[in-house]
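All residue numbers refer to positions in the sequence shown, counting from 1.
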Amino acid sequence: MAATGEEAAEMDCISRVSLAHPTVLSLEGSSDPRGEPASEGQEVVTAAPKKPINSSDGGVETAEEAVEPAEPDINELCTDMFDKMAVFLQGELTGTCEDYHLLENMNKLTSLKYMEMKDISINISRNLQDLNHKYASLQPYLDQINQIEEQVSSLEQAAYKLDTYSKKLEAKFKKLEKR
């Protein structure tokens, strides 16, 4: 339903009052639509030009949405934000890069330690093989020592038996001599 005479005049009045709202900031330092100079911190919002009255609309004027121009500080703030974000990300990446370098150095040191341990174990293995060869070359002598020990043990047993027999024989001889 299209607005007629009085309603259209009221809408036009409302649109003029909203343009003169005091909380709107001024970018260009120009005066507001009421003819007063814009004070610092105020922005003047200008409405887009109204469309011409169409006779098919029933005589209703339409207004386009008011567009606020961007504040010049926003560009500076965005640039500052991006600079600070770049510094932050650079710091994060630098820290991560340093962590990776530290891990790389630790891996190199660990690798060196394992190489040293490998060399030590190779030396121990070589020494163990040498000892096994020496033991194998000494084995015949150790076997001879074991045989000699067994022979000495049997000689000792024979000596004890001979001693026991000689004591019996001496006892018999003394008995026969007394008679």
Side-chain angles (χ1 to χ4, degrees), residues 18-19 21-30 32 38-48 64-179:
S18 66
L19 288 176
H21 196 273
T23 60
V24 182
L25 300 174
S26 173
L27 289 179
E28 303 166 6
S30 62
D32 68 7
S39 61
E40 187 173 304
Q42 285 187 342
E43 175 183 339
V44 174
V45 178
T46 58
E64 291 185 14
E65 183 177 339
V67 179
E68 295 182 27
E71 295 182 25
D73 292 339
I74 293 225
N75 290 334
E76 293 174 19
L77 292 173
C78 285
T79 303
D80 187 43
M81 179 195 68
F82 283 122
D83 290 342
K84 289 179 180 177
M85 185 61 89
V87 168
F88 170 75
L89 291 175
Q90 187 68 32
E92 287 291 315
L93 291 174
T94 302
T96 303
C97 191
E98 291 297 322
D99 288 345
Y100 280 121
H101 285 298
L102 177 64
L103 282 174
E104 184 179 3
N105 290 338
M106 288 172 61
N107 284 338
K108 286 178 182 177
L109 287 174
T110 304
S111 177
L112 289 174
K113 286 290 184 183
Y114 278 115
M115 295 280 275
E116 289 175 10
M117 290 170 62
K118 177 186 166 193
D119 291 342
I120 290 170
S121 65
I122 287 172
N123 288 336
I124 289 173
S125 175
R126 192 174 304 132
N127 290 339
L128 182 61
Q129 287 176 352
D130 289 344
L131 286 175
N132 285 338
H133 288 299
K134 288 177 183 179
Y135 181 76
S137 67
L138 289 176
Q139 189 63 41
Y141 299 112
L142 293 173
D143 290 341
Q144 285 178 357
I145 290 172
N146 286 338
Q147 286 175 354
I148 292 171
E149 185 180 356
E150 288 173 7
Q151 290 173 357
V152 166
S153 179
S154 21
L155 278 174
E156 188 178 358
Q157 291 296 327
Y160 282 133
K161 285 181 185 179
L162 186 61
D163 188 43
T164 308
Y165 180 72
S166 69
K167 285 182 183 177
K168 284 182 189 178
L169 197 60
E170 184 182 351
K172 278 185 188 182
F173 178 72
K174 284 187 182 181
K175 199 181 202 187
L176 285 175
E177 198 177 65
K178 282 186 188 183
R179 278 194 229 187

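- No donor-acceptor distance shorter than 3.5 angstrom exists from the side chain of Ser111 to the backbone of Asn107, with no hydrogens or angles considered.
- In this structure a side-chain-to-backbone donor-acceptor pair under 3.5 Å is present from Thr94 to Gln90.
- Going from atom CG of Leu162 over to atom CG of Leu169 covers 10.0 Å, rounded to the nearest 0.5 Å.
- Screening Asn146, Ile145, Val152 for a side-chain contact (heavy atoms from CB on, under 4.5 Å) with Ile148, the sole residue that qualifies is Val152.
- To the nearest 0.5 Å, the span separating OG on Ser137 from NE2 on His133 amounts to 10.0 Å.
- Here the CD-NZ distance, from Glu170 to Lys167, works out to 9.0 Å after rounding to the nearest 0.5 Å.
- The 12-atom threshold is exceeded at CD of Gln139, counting heavy atoms of other residues, nucleotides or ligands nearer than 6.0 Å.
- Using a 4.0 Å cut-off between charged side-chain N and carboxylate O, Arg126 and Asp130 make no salt bridge.
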(request) Test Ile120 against Ile124 for side-chain contact (heavy atoms from CB on, under 4.5 Å), laying out the working first. (result) CA-CA 6 Å; Ile120 290 170; Ile124 289 173; 3.8 Å; yes
(message) Determine whether Thr110 and Tyr114 satisfy the following criterion, side-chain contact (heavy atoms from CB on, under 4.5 Å), listing intermediate values before the conclusion.
(response) CA-CA 6 Å; Thr110 304; Tyr114 278 115; 3.3 Å; yes
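- Atom CE of Met115 has 12 or fewer heavy atoms from other residues, nucleotides or ligands within 6.0 Å.
- Ionic pairing of Asp80 and Lys84 is present here: one or more N-O contacts between side-chain nitrogen and carboxylate oxygen are shorter than 4.0 angstrom.
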(request) Go through the steps to decide whether Leu89 and Met85 satisfy the test side-chain contact (heavy atoms from CB on, under 4.5 Å), and finish with yes or no. (result) CA-CA 6 Å; Leu89 291 175; Met85 185 61 89; 4.1 Å; yes
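- In this structure, the separation between CD on Glu92 and SG on Cys97 is 13.0 Å, given to the nearest 0.5 Å.
- For the atom pair CG of Asn132 and OG of Ser125, the computed distance is 9.5 Å after rounding to the nearest 0.5 Å.
- The distance from atom CG of Asn123 to atom NZ of Lys118, rounded to the nearest 0.5 Å, is 11.5 Å.
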